[in-house]
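The analysis underlying the following values was restricted to heavy atoms, covering all of them including side chains, and did not include hydrogens, waters or symmetry mates. Below, read A as the first sequence line, B as the second, and so on, with proteins coming before strands; counting in each chain starts at 1.
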Number of protein chains: 2
Amino acid sequence: MLKYQQIASEIELYIEKHQMQQGEKLPVLETLIKEFNTSKSTIIKALDLLEKKGLIFQVRGSGIFVRRKKRKNYINLLSNQGFQKDLEKFHLSSEVLELEIRKPTEAVAQNLHIDMDQDVYYVKRVRYIEEETLCLEESYYNKAVVPYLNKEIVTDSIFKYIEDGLGLKVGFSDMYMQIGKLTDQEASYLKLKNGEPKLTMESIFYLTNGTAFDYSKLTYNYNQSQFYILGTGI
Amino acid sequence: MLKYQQIASEIELYIEKHQMQQGEKLPVLETLIKEFNTSKSTIIKALDLLEKKGLIFQVRGSGIFVRRKKRKNYINLLSNQGFQKDLEKFHLSSEVLELEIRKPTEAVAQNLHIDMDQDVYYVKRVRYIEEETLCLEESYYNKAVVPYLNKEIVTDSIFKYIEDGLGLKVGFSDMYMQIGKLTDQEASYLKLKNGEPKLTMESIFYLTNGTAFDYSKLTYNYNQSQFYILGTGI
DNA sequence: CAGTGGTCTAGACCACACA
DNA sequence: GTGTGGTCTAGACCACTGC
């Protein structure tokens with residue numbers, strides 16, 4: 001682990017351990033530099049990382065302050081880790097409805113930046129939270145990147161398999177959201193009624209080298225889904 | 001303007017001007033260092049800024065590549081600039097329904113981190129896109145930060161007034177979203193029907209010094225609203 | 001193993017907050 | 001004005017990619 005990542009996670013632990021609240025001040029830069037026996041730039045890099053994660057904010061001429069999310073049980077839209085971390089207090093499970101190798105449709109090929117004669121894995125799941133439906137998920141994985149999937153992997157966490165099992169690194173993602181009304185079929189999977197509200201979220205995930213490997217379309221149960229974003233200003 | 005910001009915007013212009021596509025390679029670091037006659041760290045800082053904005057991605061050992069959003073007319077959830085920039089091709093307008101000074105409710109006081117005896121400005125607007133309703137907006141501004149608002153300011157862009165008129169700097173934001181069904185009243189403002197889908201988005205905006213100044217609750221018309229997020233990996 | 005991006009350092013100097 | 005965070009530099013060294 002890199003030095004600045006190590007420092008960042010130690011500061012994160014420090015905040016957690018001392019149960020610091022929004023607006024509380026962290027030690028000044030000079031102190032941190034001595035504490036961690038490192039250079040100014042490295043500390044700043046560590047702090048930038050924490051700022052990006054929404055854990056602190058820095059005010060020039062004043063100090064470094066803690067920032068805290070105030071609501072529980074919301075799903076972080078900026079996390080690459082799915083819901084796992086945000087909903088860790090709940091019992092999450094998946095029911096695999098389909099798992100097969102296919103040729104992509106035109107839309108899928110376009111989203112994954114591949115040709116239509118390349119293979120993709122198609123996975124259809126319903127995800128549950130505490131025995132209630134959370135969302136319906138249809139995913140397409142580029143088989144050139146993810147050469148093998150089975151029911152066991154797909155029932156557990158696919159991303160965990162990709163990172164730990166295949167040794168690949170997830171980089172960035174494009175996400176598109178819209179609101180609409182459930183179709184008959186979607187409603188039956190989610191145990192809701194035709195015409196009730198839905199949130200559709202399409203995501204394209206890329207490896208750090210820029211290869212798109214996953215195009216997923218999630219349809220959320222409006223009763224179970226709440227989201228948050230910690231914006232850092234652009 | 002700082003050197004690294006200047007460089008970032010020049011590179012951004014360069015990408016735009018050459019109409020570079022997703023995956024196209026930018027000049028290598030060494031070239032950029034000479035081109036802009038600066039140090040390596042400064043170039044890297046500029047590139048980090050562009051990466052945060054979702055315009056490029058960097059691959060160690062390989063190069064710097066362009067990243068492009070592929071869908072038009074979606075609203076960027078990570079921008080502090082509201083819809084203005086994403087929907088610039090459309091005619092946007094606001095109808096002001098209410099504008100008054102109030103005492104906050106408990107919920108509002110909590111979200112703005114103020115006491116219940118402090119004044120807030122309450123603004124209720126319907127926002128239109130091409131004569132269709134886009135969203136219903138209820139905002140509360142901390143009067144200690146924004147001491148004066150009038151109908152003219154509120155009909156135009158409030159954030160523009162806060163930044164340009166008052167010389168304040170918007171820092172970061174907390175956003176919370178959920179899906180539900182429109183109430184009778186919301187439906188009538190949005191010219192939709194009771195029970196139809198809605199997206200509710202609550203945002204708390206902070207100045208760079210960490211002072212919360214705006215708590216807003218937006219109810220979106222499900223027909224008009226599409227959102228995107230360019231995730232950069234956390 | 002050459003090419004390329006990333007980390008880390010030490011230090012000078014700058015800009016903003018707050019009293 | 002003092003304290004505090006931010007920018008910028010020059011350069012050594014490290015780590016990954018891909019031929």
Give the ring-plane orientation class for B:Y176 versus A:Y74, where under 30° counts as parallel, over 60° as perpendicular and anything between as tilted.
perpendicular

For the residue pair A:Y206 and A:H113, does the interplanar ring angle fall in the parallel (under 30°), tilted (30 to 60°) or perpendicular (over 60°) class?
tilted

Produce a footprint string for nucleotides 8-19 of chain D: one letter per nucleotide, 5' end first; B if the base is under 4.0 Å from any protein heavy atom, S if only the sugar-phosphate is, - if neither.
SBB----BBB--

How close or far is atom [atom2] of [N] from atom [atom1] of [X], stated in whole angstroms?
X: A:I56; N: D:dG5; atom1: CD1; atom2: C1'; value: 11 Å
X: B:L168; N: C:dA17; atom1: CG; atom2: P; value: 11 Å
X: A:F57; N: D:dG5; atom1: CZ; atom2: P; value: 13 Å
X: B:E30; N: C:dG3; atom1: CD; atom2: C1'; value: 11 Å
X: B:L26; N: C:dT4; atom1: CG; atom2: C1'; value: 14 Å

Candidates B:D156, B:V154, B:T155 - the one meeting side chain to side chain contact (heavy atoms under 4.5 Å, CB included) with B:I158
B:V154

Look at atom NZ of A:K103 and say whether more than 12 heavy atoms of other residues, nucleotides or ligands are closer to it than 6.0 Å.
yes

The criterion is side chain to side chain contact (heavy atoms under 4.5 Å, CB included); which residues satisfy it with B:Q110, sequence neighbours excluded?
none

What nucleotide among D:dG5, D:dT7, C:dG5 has an atom nearest to a side-chain atom of A:I64?
D:dG5

Determine whether the aromatic ring centres of residues B:F205 and B:F159 are separated by less than 6.0 angstrom.
yes

Do A:K53 and A:E12 meet the salt-bridge criterion of a basic N to acidic O distance under 4.0 Å?
yes

So does A:E202 pair up with B:R71, basic N to acidic O under 4.0 Å?
yes

Base-pair map of DNA chain C as dot-bracket, where | denotes pairing with a different strand and pairs are Watson-Crick or G-U under 3.5 Å
||||||||||||||||||.

